[in-house]
Amino acid sequence: MNHWLVKSEPHKYSWDKFNEDGSTFWDGVRNYQARNNLRAMEKGDLVLFYHSNEGKEVVGIAKVVKEFYQDPTTEDPNWVVVDLAPLEKLKRAVTLEEIKKDSRLENIGLVKQGRLSVMQLKAEEFDRIVELGNGD
DNA sequence: GCCAACGTTGGC
DNA sequence: GCCAACGTTGGC
């Protein structure tokens, strides 16, 4: 099982909207590295949901419910989507600032490669963020 | 709104 | 196949 983090701008697609929908196909990825990550996702993998620009925080956990398939919003076979469903909202959103300050998270893709919108996390990094959000 | 980082494109 | 120009992302 792998762990991932995906970014969404809240005004475009927020965690709340995601929960209203119940599940969604994760479209709009137009970057090969991010695309490769989508392709590597397997059903049941856990995915952190991060709000970029507004908030800049990890707000919840989703899971992969359907593995990659052709992006329905384009004819271009280069691009794929996966289906995600919300699993759990963090008790408290974990901000980028906290992540940057945490020594266990200093090598996380979110900080190292700020522009990548879909990235893999180590299990420890995933667990640490969840711990920060649900801690005590 | 600015700008740095960085991926992509296209001319050669 | 190199690399400069360009476009996009996302933090500030």
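Protein chains get the first letters and strands the later ones, always in sequence-line order, with residue 1 at the start of each.
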**Item:** Annotated protein contacts, base or backbone, on nucleotides 5-12 of chain C with a non-hydrogen cut-off under 4.0 Å, one of B, S, - each
**Value:** --BBBBBS
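Annotation: salt bridge (Lys or Arg N to Asp or Glu O under 4.0 Å) contacts of A:Lys100 (sequence neighbours excluded): none. By the side chain to side chain contact (heavy atoms under 4.5 Å, CB included) test, A:Glu97 is found to be paired with A:Thr95, A:Lys101, residues two or more places apart in sequence or in another chain being considered.
Note on residues 51-61 of chain A: pairs passing side-chain hydrogen bond (donor to acceptor under 3.5 Å, both in side chains), not counting sequence neighbours, are A:Glu9-A:Asn53, A:His11-A:Glu54.
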Distance-only donor-acceptor hits, side chain of residues 106-126 of chain A, under 3.5 Å, sequence neighbours excluded:
residue	atom	partner	partner atom	Å
A:Gln113	NE2	A:Gln33	OE1	3.1
A:Gln120	NE2	A:Asn2	OD1	3.1
A:Glu125	OE1	A:Lys122	N	3.0

Output side-chain donor-acceptor pairs under 3.5 Å for residues 60-73 of chain A, partner residues at least two apart or in another chain, one line each.
residue	atom	partner	partner atom	Å
A:Glu67	OE2	A:Lys43	N	2.8
A:Tyr69	OH	A:Asp83	OD1	2.5
A:Gln70	NE2	A:Thr74	O	2.9
A:Gln70	NE2	A:Asp76	O	3.1
A:Asp71	OD1	A:Thr73	N	2.8
A:Asp71	OD1	A:Thr73	OG1	2.6
A:Asp71	OD2	A:Arg30	NH1	3.0
A:Asp71	OD2	A:Arg30	NH2	3.3
A:Asp71	OD2	A:Thr73	OG1	3.3

